[in-house]
Amino acid sequence: MQKSNNKHSETMDRSETNDSIQYLSNRWSSKINNFLVLCIYEQNNQYHDFNKVFKSHKLEGSTGFLTFKDGLNNKSFVIWENAYKENEELFAKLRLTARNETISQIAQNVVFYLLCEYERISSKSHAILKEKQLIEDSIYQMEKILKNDTFLAEKPVWDEFNSWFRLQIKECILEEIAISIGFNEMERLDVQELNKLFYHFLTKNFAENKEFVSKITYIVNGYTQEWVDKIIFEFNLETSTIEKIENLLCFKKDSFQTSDLLLSTIRDFSFNFTIQDHLLVMNSSPYQSVRDAIYKKNFGNDGDIPWPATPI
């Protein structure tokens with residue numbers, strides 16, 4: 001520690017930070033109000049060039065595939081939990097979209113793993129790599145499997161991830177605050193002041209600090225890679241045969257659904273209930289029109305339509 005005469009009377013040398021993280025977490029973590037980091041994903045055509053991504057990893061000799069890269073390909077916003085609860089319906093769709101995007105990336109990783117296994121066994125590339133829509137649809141089919149037949153369909157899994165992620169964020173930001181103002185100055189802060197300072201550091205880091213975003217991305221990739229490894233183990237993919245790989249890739253061109261479904265945030269009806277007590281609906285205007293039509297019950301026969309109908 002170093003003494004000084006300015007208001008930051010105690011600073012922490014970076015060489016001491018590793019020994020101080022546990023102290024920071026124990027001393028101040030519980031004082032930080034619960035918060036959420038909402039990720040707004042941006043559509044990027046290059047981002048969906050799966051063949052190019054697959055080839056680049058092979059050329060680089062990569063042993064695995066990152067779930068997220070380039071700063072998560074999103075914009076992140078920090079929301080206090082009390083503000084989230086006051087506007088839960090507004091934020092639920094954003095939260096579900098981020099969760100669906102994560103599963104989509106994990107599905108991509110699993111498909112890439114299968115393609116690597118196919119090349120290892122057959123010594124040739126899979127035909128799916130020759131057509132973008134085929135690989136997109138294969139990833140979509142894998143998403144459905146992950147949502148319906150794996151631990152990713154379980155709400156506690158996501159609750160545990162959220163708690164873990166929040167703890168990582170707290171430790172990173174509290175460490176930075178301690179380095180900036182020192183332990184003594186932190187001790188003088190009341191809970192409200194500490195939370196205000198925490199929010200300032202956190203939002204500034206997400207907005208301006210590429211190193212911080214890269215660090216968080218790296219940490220999240222490590223966690224999601226454990227999910228990918230668990231899926232590979234549970235599906236026994238390490239001993240896959242050509243036939244098994246073909247089945248998992250759903251390589252029957254006539255049976256593929258359209259790739260537009262992949263880009264939708266409502267990919268699977270049952271999974272929409274992952275946000276407890278919420279069901280996603282259509283945009284407000286058409287949804288209200290349908291509700292009004294059902295309430296008024298003005299349905300009648302129309303010669304061109306084989307069932308009762310009403311204009312909206």
Side-chain angles (χ1 to χ4, degrees), residues 41-74 97-150 152-153 217 220-221 224-269 271:
Y41 288 85
E42 298 178 343
Q43 294 297 330
N44 186 327
N45 292 333
Q46 178 133 2
Y47 183 66
H48 293 289
D49 188 350
F50 302 110
N51 192 29
K52 182 178 180 180
V53 174
F54 180 69
K55 288 181 178 179
S56 68
H57 277 278
K58 288 176 57 182
L59 289 173
E60 294 167 5
S62 174
T63 57
F65 300 92
L66 299 179
T67 303
F68 300 106
K69 54 187 178 178
D70 298 331
L72 302 176
N73 287 315
N74 65 50
T97 300
R99 191 171 300 184
N100 274 334
E101 181 66 23
T102 301
I103 292 180
S104 178
Q105 292 304 305
I106 293 173
Q108 175 183 311
N109 282 9
V110 175
V111 168
F112 280 6
Y113 178 87
L114 290 171
L115 291 173
C116 285
E117 285 296 290
Y118 182 91
E119 290 190 2
R120 182 182 65 80
I121 297 170
S122 67
S123 299
K124 62 181 180 180
S125 297
H126 196 287
I128 205 173
L129 289 169
K130 297 178 181 179
E131 190 171 335
K132 179 182 177 183
Q133 182 173 331
L134 292 181
I135 193 168
E136 285 181 345
D137 289 334
S138 183
I139 291 171
Y140 168 70
Q141 297 296 331
M142 182 58 66
E143 283 185 59
K144 291 175 64 178
I145 294 173
L146 296 182
K147 289 177 181 179
N148 295 325
D149 303 327
T150 73
L152 294 178
T217 304
V220 171
N221 276 328
T224 54
Q225 183 58 49
E226 292 180 5
W227 281 352
V228 173
D229 293 342
K230 185 176 180 180
I231 291 166
I232 291 172
F233 175 79
E234 290 185 353
F235 285 0
N236 197 24
L237 300 184
E238 293 178 328
T239 56
S240 295
T241 62
I242 293 293
E243 182 181 5
K244 183 176 181 179
I245 292 173
E246 294 281 17
N247 289 335
L248 286 170
L249 291 175
C250 301
F251 188 58
K252 293 180 180 179
K253 187 170 181 179
D254 293 339
S255 68
F256 283 128
Q257 299 190 32
T258 62
S259 59
D260 289 339
L261 291 174
L262 176 64
L263 305 179
S264 171
T265 60
I266 309 176
R267 295 183 177 92
D268 181 77
F269 180 86
F271 200 72

In terms of heavy-atom contacts, K147 and A153 come closest through O-CB, 2.8 Å

d(N247 CG, I242 CD1) to nearest 0.5 Å is 11.5 Å

message: Show, in sequence, the C-alpha distance, side-chain angles and deciding distance for T150 and W227, and conclude whether the side-chain contact (heavy atoms from CB on, under 4.5 Å) test is met.
response: CA-CA 10 Å; T150 73; W227 281 352; over 6 Å; no

**Side-chain donor/acceptor of K244 to backbone N/O of N236, under 3.5 Å** = yes

Decide side-chain contact (heavy atoms from CB on, under 4.5 Å) for I245 and I121; before the verdict, give the C-alpha distance in whole Å, the side-chain angles of both, and the deciding distance to 0.1 Å.
CA-CA 10 Å; I245 292 173; I121 297 170; 4.2 Å; yes

The side chain to side chain contact (heavy atoms under 4.5 Å, CB included) partners of K124 (sequence neighbours excluded) come to Y118, S122

- Any donor-acceptor N or O pair under 3.5 Å, side chains D229, Q225: yes

For L152 and L146 the tightest heavy-atom approach is CB-O, 3.9 Å

Exercise. For side-chain contact (heavy atoms from CB on, under 4.5 Å), just list the numbers for N109 and Q105, CA-CA rounded to whole Å, side-chain angles, deciding distance to a tenth of an Å, and then say yes or no.
Key: CA-CA 6 Å; N109 282 9; Q105 292 304 305; 5.6 Å; no

Heavy-atom nearest pair, E117 first then E238, reads OE1-O, 4.0 Å

Taken to the nearest 0.5 Å, the spacing of I103 CD1 from K144 NZ works out to 14.0 Å

Between the CD atom in E234 and the CG atom in D149, the distance rounded to the nearest 0.5 Å is 10.5 Å

ask   = So, the side chain of S240 versus the backbone of L237: is there a donor-acceptor pair under 3.5 Å, distance only?
value = yes

When every non-hydrogen atom of M142 is compared with those of V111, the smallest separation belongs to CB-CG2, 4.0 Å

Please assess V110 against I145 for the test side-chain contact (heavy atoms from CB on, under 4.5 Å), listing each intermediate value before the final yes or no.
CA-CA 11 Å; V110 175; I145 294 173; over 6 Å; no

Here the pair of heavy atoms bringing S138 nearest to I128 is CB-CD1, 3.4 Å

